[in-house]
Protein chains: 4
Amino acid sequence: MDGRPANDPSPWMTFENRRRARDEKREAVLRTAVQLFLEQGYHRATLNEVAERLNITKPALYNYFRSKEDILFECWALGQEQVDGFIAAIDGSRQNGLGKLRALVHSYAETMATDFGASLVRFDPRDLSPSNAKTVRAAKRGIDQTFRRYITEGIADGSIKPCDPKMAAFAIAGSLNWIGHWYQRGGPLTPDAIADDFAERLTEGLATTTAGKRAAKKPSAPKTKKSAAKAPPQRKKK
Amino acid sequence: MDGRPANDPSPWMTFENRRRARDEKREAVLRTAVQLFLEQGYHRATLNEVAERLNITKPALYNYFRSKEDILFECWALGQEQVDGFIAAIDGSRQNGLGKLRALVHSYAETMATDFGASLVRFDPRDLSPSNAKTVRAAKRGIDQTFRRYITEGIADGSIKPCDPKMAAFAIAGSLNWIGHWYQRGGPLTPDAIADDFAERLTEGLATTTAGKRAAKKPSAPKTKKSAAKAPPQRKKK
Amino acid sequence: MDGRPANDPSPWMTFENRRRARDEKREAVLRTAVQLFLEQGYHRATLNEVAERLNITKPALYNYFRSKEDILFECWALGQEQVDGFIAAIDGSRQNGLGKLRALVHSYAETMATDFGASLVRFDPRDLSPSNAKTVRAAKRGIDQTFRRYITEGIADGSIKPCDPKMAAFAIAGSLNWIGHWYQRGGPLTPDAIADDFAERLTEGLATTTAGKRAAKKPSAPKTKKSAAKAPPQRKKK
Amino acid sequence: MDGRPANDPSPWMTFENRRRARDEKREAVLRTAVQLFLEQGYHRATLNEVAERLNITKPALYNYFRSKEDILFECWALGQEQVDGFIAAIDGSRQNGLGKLRALVHSYAETMATDFGASLVRFDPRDLSPSNAKTVRAAKRGIDQTFRRYITEGIADGSIKPCDPKMAAFAIAGSLNWIGHWYQRGGPLTPDAIADDFAERLTEGLATTTAGKRAAKKPSAPKTKKSAAKAPPQRKKK
DNA sequence: TATGAATGAGCCTTCATTCAT
DNA sequence: AATGAATGAAGGCTCATTCAT
């Protein structure tokens, strides 16, 4: 059960197990919280409800998080980790600008269909402490710049038609972020289908003619472990 | 001063004036409120702050609105009126589907750059009473359907390439709604420029080749008074 | 009733009355609070109890004070005002050092027998905000220095035997502050009797022989209005 | 190491050692707690902080004490033991009333400069359980009566001028207790110097003329072991 | 003996809303 | 129409204490 022989009295493993159990509970709190926050909105959701869904009591949450805001921020951070992960992977891949952009759109679209991904665009940074809000805003800026960067690259390498990277990025990001608002699990569209559709749709207008005739189907991030991200978002450990 | 002779003691005109003054104050409240709600978010903004900015006291607000939520809803309603207005105008115009879609995108983009317009996408319907929330959701559905309708029309009349109207509408609406989140008055981009750019950008991928070569610059709604809207959103009068 | 003719429609007086009523309520809160804080201690006393004793509800207190700590500080400030008042009066009086010291002891002893006076020594400055705590500590230092100053004056003018002003001040102030801890209203000793006794007792050891044979009985502050204080303690108005 | 041969397997000694170790830890807790309570005040100090300073965890404290209040009471008890000790010693000494009073003042002043001594006057009996509070109040009364008793003795044996023992005791005790509030370790005054000063200062006013001319310098309690106290304060064993 | 985790009780504070004037 | 005052409802957070391990 614990993955170690029963006769192994190593207190270290016990310690390890404890830490693991703790981390699992922490994550359970975050999963519950992000759902509730998305369902009801951060302000309407109470810590009591979060605790109730976890069958614990409110103060127990404070064993894992410093405050309600801390929980909010950590939810966001988990989503941001995903984004950082696939951006790092795409950055490390060998593709022209258009290819990277398509990969980005695809991965981003998929992420928007997850709870933590949606939290990236549905949570309000103004609910965060100044320090955390700063972190969030910096990350948002980073994502925007990644979009622009790929577009600029594409223009440079000829895979993307000359255009204004800033506006193009806004338009694409808007479409993608919107997914976080309308996507419902259990609907007729799977995240993957949405991602495929958007990857094509949002880039076809930018592609130079030849590049537009795409043969390959899956422009997702090249096979890389999600964990291959560069740097997770900075956050204070409790 | 009031547009009537000072010696006219007509109580009826006085009454009329009273009503007008009242309406002006109501609007002033809404303008202040929508700004504050956008600035700080609905929950962080307090009625005290709204009142303070108007140099009145909190209870005075209750002379014009039944509740904080009422104010929120009315803000939304003003934005929705704008949308209803230009949709009615476009509906009444003689254009092919692509033309209507472009006109819609243009007007919608412009609206997103206004306070009341932004409130359409930045306010959370869950902050409204069930009844008002229903109204809002119906209106949102209406807008979505308008997008799909124009696209369908365009496909039928050959101005738009065959595609999935639902996904196309989502993509376009997402880009547009996103404007409400990033547009800042005083930035380098004017609402009109944004609207022009988006009208072109978001439809070029859909246009059939010939239709894509657009000559005319301004595809905005044919000269119609904004107030020519058909039906203002249903709402309870106080 | 209002001290003005009934036919006087002056809204200003109404305003004045309002303000007076408000101030009276504020004071009532402070009187209730200081009693409760002395009875039970600041931490054990809840705002609910304060409100209950006033037959109002807890949030009503927030119309008059910003926080529980604010109430605590204002209680202290009222006591400090008394002290500032009689110190100013004694400072302005024509007496030798011993006379001033006796007057100070007498007035201080009397003050210690009042609620607001006792709050000066029974409230804990660490319960105050840093800013308010600073004010309190400065005031405490001021009182100490007044004791030392009178003693030094007395030594200079020959009315007090040469001694260490610092230790003498500590000894005297300690005896006086202690009153705030043991004095109970309704006991066998009246504040005035205590004040007389301490004024004599705490100074006889210091007096030079001739000055020790005091004839006059009442060494209290020369007839001055209590309100003739110089500067009330600085505090933020709500 | 433990004062017994290493090859002695006597479980009883082990038991004895355990008890000793336990007592040492208990005392360490009390020393840490009394400091923290004095530093921050009983209510602001948390058991977590106490535990942290001891490099243990909060629940570990419950191995030695039943509750936070229990710790508070035991701190007080240690201080009271000191007082009981020197009072017993003085009681057993051969001196006139004035001598005893001076000895008492001296020892009490010294005690006030210790942490446990200061706790006697800086801790609030209302933070204790009714039962413990009763014990404390009885002890306080006992100290007061000791002061009065020595004064009365002194009057009887002619070493002290006729006066009101009650008020004299209040005045003296107040000065002494105040030491607990202003004395800071590391200041310019040593506890011994303070004790000397106060022993002289607080009694010179009471001494009959001849007795006032004191020759001996150190009026402290006749050489007796501190532990020679009669009875430690009654308290419930865990 | 010591710990991580959990809990129950309680309190301050905020704010939309109402009411008497 | 407007205000000062008051209220009810609610939520976040703290902390002493307990319990299983």
Side-chain angles (χ1 to χ4, degrees), chain A residues 11 14-15 17-19 21-22 25-26 43-51 54-71, chain B residues 18 21-22 25 42-51 54-72, chain C residues 11 14-15 17-19 21-22 25-26 43-51 54-71, chain D residues 18 21-22 25 42-51 54-72:
Chain A
T14 294
F15 187 74
N17 281 337
R18 279 240 180 104
R19 203 176 55 73
R22 183 185 169 82
K25 286 185 193 166
R26 240 186 90 98
H43 287 100
R44 271 173 303 280
T46 72
L47 290 190
N48 251 334
E49 282 178 279
V50 175
L54 290 162
N55 280 109
I56 58 174
T57 59
K58 184 166 47 170
L61 296 173
Y62 285 83
N63 279 326
Y64 306 100
F65 301 94
R66 271 190 307 268
S67 64
K68 190 187 184 189
E69 185 244 304
D70 191 23
I71 296 179
Chain B
R18 282 230 186 110
R22 184 187 161 83
K25 287 184 191 169
Y42 176 67
H43 287 100
R44 272 175 303 279
T46 72
L47 290 190
N48 249 337
E49 282 178 281
V50 175
L54 290 162
N55 281 109
I56 59 174
T57 60
K58 185 166 46 169
L61 296 172
Y62 285 82
N63 285 324
Y64 307 103
F65 301 94
R66 273 191 312 266
S67 65
K68 191 187 185 188
E69 183 245 307
D70 191 22
I71 297 178
L72 183 71
Chain C
T14 295
F15 187 75
N17 280 337
R18 280 240 181 104
R19 204 177 55 72
R22 184 186 169 81
K25 288 185 192 166
R26 241 186 89 99
H43 288 100
R44 272 174 303 279
T46 73
L47 290 189
N48 250 337
E49 282 178 280
V50 175
L54 289 162
N55 281 110
I56 59 175
T57 59
K58 187 166 44 170
L61 296 172
Y62 285 81
N63 279 326
Y64 305 100
F65 301 94
R66 272 190 308 269
S67 64
K68 192 187 183 188
E69 185 244 305
D70 192 23
I71 297 179
Chain D
R18 281 229 185 111
R22 184 187 162 83
K25 288 185 191 169
Y42 177 68
H43 286 101
R44 271 174 304 279
T46 71
L47 290 190
N48 249 336
E49 283 178 280
V50 174
L54 290 162
N55 282 109
I56 59 173
T57 60
K58 185 166 44 169
L61 296 173
Y62 285 82
N63 285 323
Y64 306 102
F65 301 94
R66 271 192 312 267
S67 65
K68 192 187 184 188
E69 185 245 304
D70 191 23
I71 296 179
L72 184 71

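Order of the sequence lines sets the chain letters (A, B, ...), proteins ahead of strands, with each chain counted from 1.
Side-chain atoms of D/K68 lie closest to F/dT17 of the nucleotides E/dT3, F/dT3, F/dT17. Between F/dT7, F/dA5, E/dT13, one nucleotide has an atom nearer to the side chain of C/K25 than all others, and that is F/dA5. Which of E/dA5, E/dT1, E/dC15 sits closest to the side chain of D/N63 comes down to E/dT1. Side-chain atoms of C/L47 lie closest to E/dC12 of the nucleotides F/dT14, E/dC15, E/dC12.
Atom OH in B/Y62 sits roughly 16 Å away from atom P in F/dG4 (whole-Å rounding). Rounded to whole angstrom, the span from the CZ atom of C/F65 across to the P atom of E/dT13 amounts to 13 Å. C/H43 has its NE2 atom 17 Å from the P atom of E/dG10, to the nearest Å. Computed from coordinates, the C/L54 CG to F/dA5 P distance equals 15 Å when rounded to whole Å. If you take CZ of C/R26 and P of F/dG4, they are 16 Å apart, rounded to a whole angstrom. D/E69 places its CD atom 16 Å from the C1' atom of F/dC15, with the value rounded to the nearest Å. For the pair B/L61 CG and F/dG4 P, the computed distance is 13 Å after rounding to whole Å. One atom, CD1 of D/I71, and another, P of F/dC15, lie 15 Å apart when rounded to the nearest Å.
To the nearest 0.5 Å, atom OH of residue B/Y64 and atom CG of residue B/L54 are 9.5 Å apart. Between C/E49 atom CD and C/K58 atom NZ the span is 11.0 Å, to the nearest 0.5 Å. Atom CG in A/N63 sits 6.5 Å away from atom CZ in A/R22 (nearest 0.5 Å).
Counting all heavy atoms, side chain and backbone alike, B/A45 lies closest to B/K68 at O-NZ, 2.8 Å.
Nearest-nucleotide positions on DNA chain F for C/T57 and A/T46 put C/T57 closer to the 5' end. Each of D/S67 and B/N55 lies near DNA chain F, and the nucleotide nearest B/N55 is the one positioned closer to the 5' end. Summary of the strand contacts: D/I56 and C/N48 both lie near DNA chain E, and taking for each the nucleotide with the nearest heavy atom, the more 5' one is attributed to D/I56. Map B/P59 and A/P59 each onto its nearest nucleotide of DNA chain E; the residue landing nearer the 5' end is A/P59.
Residue side chain D/K58 reaches the base of F/dA16 through a donor-acceptor N/O pair under 3.5 Å, judged by distance alone.
Nucleotide F/dG11: paired with E/dC12 (Watson-Crick or G-U wobble, both distances less than 3.5 Å). Pairing for F/dT3 is with E/dA20, a Watson-Crick or G-U wobble pair whose two hydrogen-bonding atom distances lie under 3.5 Å.
Between A/R22 and the phosphate of E/dG4, there is no side-chain N or O to OP1/OP2 separation shorter than 4.0 Å. Of the side-chain N and O atoms in A/Y64, none sit less than 4.0 angstrom from OP1 or OP2 of E/dG4.
Counting any heavy atom pair closer than 4.0 Å across all strands shown, A/A45 reaches sugar-phosphate atoms only and no base atom.
D/Y42 places none of its side-chain heavy atoms less than 4.5 Å from the side chain of C/H43.
For the side chain to side chain contact (heavy atoms under 4.5 Å, CB included) with A/L61, the lone residue among A/L47, A/N48, A/D70 that qualifies is A/L47.
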